[in-house]
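Note that these values count all heavy atoms, side chains included, but never hydrogens, waters or copies made by symmetry. Read the numbers this way: they start at 1 and go in the same order the structure lists the ligands and their atoms. For clarity, every value in this text was computed on a predicted model and none was experimentally measured.
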Amino acid sequence: MKFETLCVHPTIDIEDKYGAITTPIYQSATFVHENLDNNFKYSYSRLSNPTRSHLETLVAKLEEGVSSTAFSTGMAAITCVFKLFKSNDHFICSSDLYGGALRLFRTLKEDNYEFDFVDTGNLKLVESKIKNNTKAIYIETPSNPLMNVTDIYEISKLCNKYNLLLIVDNTFLTPYFQKPLTLGADIVIHSGTKYLGGHNDTLAGFVVTKDEKLAEDIIYYAKTIGACLSPFDSFLIERGIKTLPLRMKQINDSALKIAKYLKELPCIKKVNYVGLETNPGYLVNKKQSSGFGGMISISVESEQLAKKILTNIKIFKYAESLGGVDSLITYPMYQTHADLPIEERLAKGIDECFLRLSIGIEDPSDLISDLKEAIYG
Ligand SMILES: *Cc1c(COP(=O)(O)O)cnc(C)c1O
């Protein structure tokens with residue numbers, strides 16, 4: 001079955017006796033045991049819930065994994081993955097990552113987990129950092145917010161050679177454009193809050209694996225931590241997924257137009273978008289995914305202009321988050337990356353001139369006019 005059809009017709013095991021066309025919301029904390037054989041499909045909703053299970057099976061199919069587990073947020077999903085490890089384990093991570101992941105890793109450092117942050121696009125550099133206690137490589141591609149690209153297949157070969165797990169946060173491209181498990185990754189993470197849900201109306205996270213033993217461990221830690229996705233939120237995310245392909249197509253087309261427009265403006269010093277042929281990661285991204293997504297970051301000529309844009313935009317909204325139907329602009333310095341030590345932040349170029357755009361599904365000509373007026377108006 002094609003991806004688009006799967007998103008609408010997951011045809012998974014819910015037997016609704018009324019023939020409901022959408023998955024019912026099983027808003028029940030607990031489930032009656034019908035006999036004493038102790039072999040219950042559902043018993044308590046922290047462990048499993050029919051609405052959530054349906055969504056989990058769907059997401060596993062979309063990513064071509066064997067299992068997926070749904071969490072209350074993306075951060076809960078990442079935290080659960082790190083329950084697989086222990087102190088004194090070492091990890092190599094992309095130097096550019098979602099700010100919340102960086103904050104989690106800083107707290108894990110206090111518990112003696114070891115981290116090296118490098119340009120994971122540079123395989124030699126990554127290999128040189130591997131130590132006896134290295135357990136996993138953790139990447140985002142394209143990365144947040146600089147849109148750096150890592151070759152998933154090449155880095156997975158390195159992981160196989162040294163027996164490391166490859167963990168990929170696939171929030172930005174979604175399985176519609178990129179399927180890391182098919183390229184050699186072991187674990188895929190999502191902030192379902194973003195494109196999967198797609199409407200900025202709920203939070204969610206996913207961990208998807210292609211290995212039964214890993215899946216078992218994740219399910220065990222998920223029920224232990226208890227940050228599970230509620231039945232209603234599961235319903236909202238599943239509803240969002242039905243239109244994922246349509247949204248991603250529109251967002252991708254619009255983002256490319258907007259990136260090309262911004263690139264021509266003298267007051268914009270840099271445009272980071274993997275769909276631009278001038279982007280250093282363009283070819284690798286093209287090899288491993290079928291699209292570029294909707295995330296663009298820019299460096300404008302002055303702090304004054306950055307603030308002018310944020311103040312004057314009308315259709316775009318100045319707000320944190322990404323991946324929804326509404327276009328948003330973020331000021332990473334004050335928002336997603338505010339907790340980074342200042343030298344680290346500046347070294348990445350995340351300064352007072354740096355903005356991150358999440359393109360929504362509005363008409364691209366309206367979005368371009370909005371930016372034009374905000375800049376020149
Ligand atoms: C938002 C985000 C997260 C965290 O997800 P939450 O649902 O906000 O907890 C993780 N990774 C990436 C790439 C994100 O954009």
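- Aromatic pair Y138/F105: centroids less than 6.0 angstrom apart.
- When hydrophobic side chains of Ile, Leu, Val, Met, Phe, Trp and Tyr are connected at separations under 4.5 Å, V118 ends up clustered with I92, L123, L125, V126, I130, I137, I139, I152, I155, L158, Y162, L164, L166, V168, L183.
- A cation-pi arrangement is found for K194 relative to Y98, the charged atom lying closer than 6.0 Å to the ring centre and inside a 45° cone about the ring normal.
- In this structure, F82 has its ring center closer than 6.0 angstrom to the ring center of F91.
- For K124, there are no side chain to side chain donor-acceptor pair (under 3.5 Å) partners, not counting sequence neighbours.
- Hydrophobic cluster membership for Y44: L47 (Ile, Leu, Val, Met, Phe, Trp, Tyr linked by side-chain heavy atoms under 4.5 Å, directly or transitively).
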For a distance cut-off of 3.5 Å, show me each N or O of ligand 1 paired with any protein N or O, plus the separation.
residue: ligand 1; atom: 5 (O); partner: S191; partner atom: OG; Å: 2.9
residue: ligand 1; atom: 7 (O); partner: G74; partner atom: N; Å: 2.8
residue: ligand 1; atom: 7 (O); partner: S191; partner atom: OG; Å: 2.9
residue: ligand 1; atom: 7 (O); partner: T193; partner atom: OG1; Å: 2.6
residue: ligand 1; atom: 9 (O); partner: G74; partner atom: N; Å: 3.1
residue: ligand 1; atom: 9 (O); partner: M75; partner atom: N; Å: 2.8
residue: ligand 1; atom: 11 (N); partner: D169; partner atom: OD2; Å: 2.6
residue: ligand 1; atom: 15 (O); partner: K194; partner atom: NZ; Å: 2.8

